[in-house]
Asks: 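Please read through the structure below; I'll follow up with questions.
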2 protein chains.
Amino acid sequence: MAIDTKERILDVAERLFADSGFATTSLRDITSEAGVNLASVNYHFGSKEGLLSAVLHRRIGPVNERRVARLDEIERFKGQDAAKVDEILRAFLTPPFELRAELGVRGATFTRLMGRVHTETNDEFRQSFVGQLSVVVARFTQALQRALPSLEPTELSTRMWFLIGSMAYTMMWGESVGLGEGGTRDPETVLESLIEYGAAGISAPAREPVPVRAGRKSRGAGA
Amino acid sequence: MAIDTKERILDVAERLFADSGFATTSLRDITSEAGVNLASVNYHFGSKEGLLSAVLHRRIGPVNERRVARLDEIERFKGQDAAKVDEILRAFLTPPFELRAELGVRGATFTRLMGRVHTETNDEFRQSFVGQLSVVVARFTQALQRALPSLEPTELSTRMWFLIGSMAYTMMWGESVGLGEGGTRDPETVLESLIEYGAAGISAPAREPVPVRAGRKSRGAGA
DNA sequence: GTCTATATGCGGATAGAC
DNA sequence: GTCTATCCGCATATAGAC
């Protein structure tokens, strides 16, 4: 028994954090389900926050590395300016789905966790998370900007944000009841839909920059 | 003093829940900041869960009512089959932004709360929330289906989901640091961007329904 | 590294006076 | 309706034996 306490804790914590969130999951929940001693968490990870950090960074790093690697590959083979929007989005969106498949039965949990990560408000974690993600997103935004030179940079950033929101929401709730009728769709199909939806949205022609002098903006209360 | 204890509690709870989440906000945090007695929460709302429910439903109801009212109006004036995708999306997305403006200084808090609502995992609440939202979403999905008759229904549902994800993410994080460079954009501009992004995504031509016999699907580990 | 036992505090909730 | 005082369980964390 006790094949690898540290690993067991990480696996169970990942599942419980993904299902119920960080604040509502107690160390007792984790250790009892993992079959390890309560004190071992503090021994191995220092604190509950330390455990959260370990759980998340075990997954986040690889995802972002793959994203960048895929984009590198595209640009190396096709040249920086030849990458198309859907190819760029595929490079960004595929890694979490790919890792999900590689993790087998743990895949669903991993996916929920990766979705939840985007909504986590724990200050310390969020700062580190956003810091890492920003670097990756900046790289992808540059690539997209080259594919869509006429699109205003701030508008492009906003749209990239929309994409991330769709991705996070889908990962978080994709496997649960869902909103619409039609039952769950398999992850690969959803990924394809997301790429094609996002590509169309990001490539949409921009509206006139600041539509002030038209009839708009007359209604509505002040801020 | 004690103008209206119940209202004071609701206002402070809304802000703290929006900023820090339900689980991490204690009743003591709320009552001390609101300047009311600890026991008053249980007196007025029965329990902490009761308070959460009251906080959320005070906002969710009106948002959904306005959504439906706007869609009704469009269909009444133009006929059911004449509503365009961007008009339908505008009807769905405008109400939260509109209410935000009407709430004045409380608007930012309201927006964060409405964003967070989509990520809340509290079972009892989520069930009720999804139940209400499903009804509204079904109505909008029908309208969109009429505007896009050739789009497969399950694909449309998926895309509507993507839209909700973008909306929720934007509401939750729109006012904070953000990921990209360009500073915060004002809510009305973001709303316009979201409508146009979503309309393009939802209207995107569908890929061939089930691309199985092509070269795809050969890579990747099994589920 | 792993365990038991325990320190110490915060949490929601309520009893009962006013 | 509002307050004080208190119950009581659960939380994280650690001391110290093994």
Side-chain angles (χ1 to χ4, degrees), chain A residues 1-58 113 116-117 120-128, chain B residues 1-58 113 116-117 120-128:
Chain A
M1 237 151 263
I3 304 178
D4 191 356
T5 300
K6 211 168 163 180
E7 206 79 7
R8 289 171 67 88
I9 293 171
L10 282 174
D11 287 344
V12 173
E14 172 167 287
R15 189 171 79 250
L16 296 185
F17 287 162
D19 285 340
S20 316
F22 176 66
T24 52
T25 301
S26 72
L27 295 182
R28 283 174 169 81
D29 293 338
I30 295 166
T31 53
S32 74
E33 203 163 312
V36 303
N37 189 273
L38 172 63
S40 60
V41 171
N42 282 285
Y43 176 79
H44 286 289
F45 302 98
S47 67
K48 190 187 177 188
E49 283 226 335
L51 173 59
L52 175 69
S53 177
V55 164
L56 297 180
H57 286 101
R58 176 170 72 148
L113 185 78
R116 188 183 284 276
V117 143
E120 179 64 57
T121 41
N122 181 327
D123 271 358
E124 194 173 359
F125 164 71
R126 176 138 188 98
Q127 203 167 5
S128 128
Chain B
M1 237 151 262
I3 304 178
D4 190 356
T5 301
K6 210 167 163 181
E7 206 79 6
R8 290 171 67 89
I9 292 172
L10 283 173
D11 288 343
V12 172
E14 170 167 288
R15 188 171 78 250
L16 297 186
F17 287 161
D19 285 341
S20 315
F22 176 65
T24 51
T25 301
S26 72
L27 294 182
R28 285 172 170 83
D29 290 339
I30 295 165
T31 52
S32 75
E33 202 163 312
V36 303
N37 189 274
L38 172 62
S40 61
V41 171
N42 282 287
Y43 177 79
H44 285 290
F45 302 97
S47 68
K48 191 188 176 188
E49 284 226 337
L51 173 59
L52 176 69
S53 177
V55 164
L56 296 180
H57 286 101
R58 175 170 72 149
L113 185 78
R116 187 183 284 276
V117 144
E120 179 64 58
T121 41
N122 181 326
D123 271 356
E124 195 173 0
F125 164 70
R126 175 137 187 99
Q127 203 167 5
S128 128

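Chain letters run A, B, ... following the sequence lines, proteins first, then strands; residues in each count from 1. As the structure is a computational prediction, the values presented were derived from the model and not from experiment. Both backbone and side-chain heavy atoms feed into the values below; hydrogens, waters and symmetry mates do not.
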Asks: Does a nitrogen or oxygen in the side chain of A:T5 sit under 4.0 Å from OP1 or OP2 of C:dG1?
Replies: no
Asks: Rounded to whole angstrom units, what separation is found between the CZ atom of B:R8 and the P atom of D:dG1?
Replies: 16 Å
Asks: List for me each residue that meets side-chain hydrogen bond (donor to acceptor under 3.5 Å, both in side chains) alongside B:E49, sequence neighbours excluded, and say none if there are none.
Replies: B:N122
Asks: Under the side-chain hydrogen bond (donor to acceptor under 3.5 Å, both in side chains) rule, collect the residues that match up with A:D11, sequence neighbours excluded.
Replies: A:R58, A:R106
Asks: Using whole Å, report how far CZ of B:R28 lies from C1' of D:dT6.
Replies: 11 Å
Asks: Can you list, by residue number, the residues of residues 34-43 of chain B that have a non-hydrogen atom closer than 4.0 angstrom to DNA chain D?
Replies: B:N37, B:A39, B:Y43
Asks: Starting from P on D:dC10, measure out to CG on A:D29 and report it in whole angstrom.
Replies: 11 Å
Asks: With sequence neighbours left out, write down each residue that passes ring pair (Phe, Tyr, Trp, His ring centres under 6.0 Å) with A:F45, or none if nothing qualifies.
Replies: none
Asks: Within residues 45-56 of chain B, find the residues that approach DNA chain D with a heavy atom at under 4.0 Å, and present them sorted by residue number.
Replies: none
Asks: At their closest point, which heavy atom of A:V117 faces which heavy atom of A:F125, and how far apart are they?
Replies: O-CE2, 3.8 Å
Asks: How many whole angstroms separate atom CZ of B:F22 from atom C1' of C:dG12?
Replies: 10 Å
Asks: Between A:K6 (NZ) and C:dG1 (P), how many Å, whole number?
Replies: 8 Å
Asks: Is there any side chain to side chain donor-acceptor pair (under 3.5 Å) pair reaching into residues 30-43 of chain A, and which pairs are they, with sequence neighbours excluded?
Replies: A:R15-A:E33
Asks: With respect to the phosphate group of D:dC10, does any side-chain polar atom (N or O) of A:S26 fall under 4.0 Å of OP1 or OP2?
Replies: no
Asks: Not counting sequence neighbours, which residues clear side-chain hydrogen bond (donor to acceptor under 3.5 Å, both in side chains) with A:S26? List them please.
Replies: A:D29
Asks: The criterion is side-chain contact (heavy atoms from CB on, under 4.5 Å); which residues satisfy it with B:A18, sequence neighbours excluded?
Replies: B:T109, B:R112, B:L113
Asks: Do A:F22 and A:R116 come within less than 4.5 Å of each other through their side chains, counting heavy atoms only?
Replies: no
Asks: List in chain and number order the residues that pass side-chain hydrogen bond (donor to acceptor under 3.5 Å, both in side chains) with B:S53, two or more places apart in sequence or in another chain; answer none if no residue qualifies.
Replies: B:H57
Asks: Separation of B:I30 atom CD1 from C:dC10 atom C1', in whole Å?
Replies: 15 Å
Asks: What is the distance, rounded to the nearest whole Å, between atom CG of A:L27 and atom P of D:dT14?
Replies: 12 Å
